[in-house]
Amino acid sequence: MRIAVYLPLLLSLVAPLAARPLSERCEPRLATWLLTSLSLVLGTASTTALGLLAVTGLIRIPQLAGLGHWSAPSAQHDDPAQLPVALIAGLLLGAALFAAARMLWRRARTLAAATLDAACMPTRDGTVVVEDEAPDAYALPGLPGRVVVSTGMLHTLDATEHTILLAHERAHLRAHHYAFVALAQFGAAANPLLRPLADAVTYTIERWADENAAGATGDRRRVARTVGKAALAAHHTPARAAGATLGILGRRAPLAKAGPVPRRVAALLAPPLGRHPALTAATALILTSAILATAEAAHDLHLLLKSVGAG
């Protein structure tokens, strides 16, 4: 446990470095899965590690050790963590649990509001046109979801670009992109070090939807033009609070000096990306290491509690 319990915390320092390579070199759908998995697994593993360290501090306190029939002197002798480390871990654990719970509550409320809004928008083909001169378009999750497009956006784009826009937004709904964003942000809420991974997911889901639109139309250059044209038209449109929270309405996450839209356009003008086995293998190694280290640390803590109980 002396080493294993710290490994998820160390991996949380290293894993965010993968945000840029995965988002720019890996096929967007695979990149989204890998980035989301990294954020969620490392967020859970690091929080669990903090909990394990905090427990080792609690059993050193005689009054608390007595509640579990543990021997405080034995715990002090066999404990893999110093008391100050355990106390700091306990404070960080409390902050992580609070932040994660608050994020889940807000996300649940936002998703419920979006579902209610979608239910109030009757439509045959899942597309809702709203009378608004401000150019705007977004995917609204629901049962089923809706693609909402303003008349201002329709006037901005031509017929072919309408098809591309709808294909992009429908891809968000069909692949449940809001769920990927929610899971990645949950991991980042528990461990702020993972924020670059969650930010990368908000970019890769847009790239995923772009590639779906390119596949549907067969014209990557035209999709790139539509992405740039729609983004420029909607640049001054006020942000939708609920949609921005869901992370499927073009929320901008600066991963580089160039903004996401120029990067998306450049990616569409280049050949499609592949699966990049090396990055996939490296991500799998990090995930496996975090899971095994957490399991090993938990097992060692169990053995420690048994030994101090016997003492």
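Numbering starts at 1 and runs along the sequence shown.
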For this session: Run through the side-chain heavy atoms of Ile, Leu, Val, Met, Phe, Trp and Tyr, join any pair under 4.5 Å, and report what else lands in Leu116's cluster.
Result: none
Exercise. Sequence neighbours excluded, which residues qualify as side chain to side chain donor-acceptor pair (under 3.5 Å) partners of Thr217?
Worked result: none
Problem set entry | Set of side chain to side chain donor-acceptor pair (under 3.5 Å) partners for Thr204, sequence neighbours left out | Thr32
For this session: Identify, with sequence neighbours excluded, every residue that meets salt bridge (charged side-chain N to carboxylate O under 4.0 Å, His left out) alongside Arg29.
Result: none
Problem set entry | Residues forming a salt bridge (charged side-chain N to carboxylate O under 4.0 Å, His left out) with Glu27, sequence neighbours excluded | none
Exercise. So which pairs with a foot in residues 84-102 pass side-chain hydrogen bond (donor to acceptor under 3.5 Å, both in side chains), sequence neighbours left out?
Worked result: none
For this session: Could I get the full list of side chain to side chain contact (heavy atoms under 4.5 Å, CB included) partners for Glu131, not counting sequence neighbours?
Result: Thr151
For this session: Kindly write out the residues that satisfy side chain to side chain donor-acceptor pair (under 3.5 Å) with Asp132, not counting sequence neighbours, or none if the list is empty.
Result: none
Could you list the donor-acceptor pairs under 3.5 angstrom formed between side-chain atoms of residues 283-294 and any protein atom two or more places apart in sequence or on another chain?
residue : atom : partner : partner atom : Å
Thr283  : OG1  : Leu279  : O            : 2.8
Thr288  : OG1  : Ala284  : O            : 2.8
Ser289  : OG   : Leu285  : O            : 2.8
Thr294  : OG1  : Ala290  : O            : 2.7

Problem set entry | Pairing residues for Thr123 by the side chain to side chain donor-acceptor pair (under 3.5 Å) criterion, not counting sequence neighbours | Asp125
Exercise. Considering residues at least two apart in sequence or located in another chain, which fulfil the side chain to side chain contact (heavy atoms under 4.5 Å, CB included) criterion with Ala89?
Worked result: Leu50, Leu53
Give the table of side-chain donor-acceptor pairs shorter than 3.5 Å for residues 139-147, with sequence neighbours excluded, one pair per line with atom names and distance.
residue : atom : partner : partner atom : Å
Arg146  : NE   : Ala118  : O            : 3.4
Arg146  : NE   : Met121  : O            : 2.6
Arg146  : NH1  : Pro144  : O            : 3.4
Arg146  : NH2  : Met121  : O            : 3.4

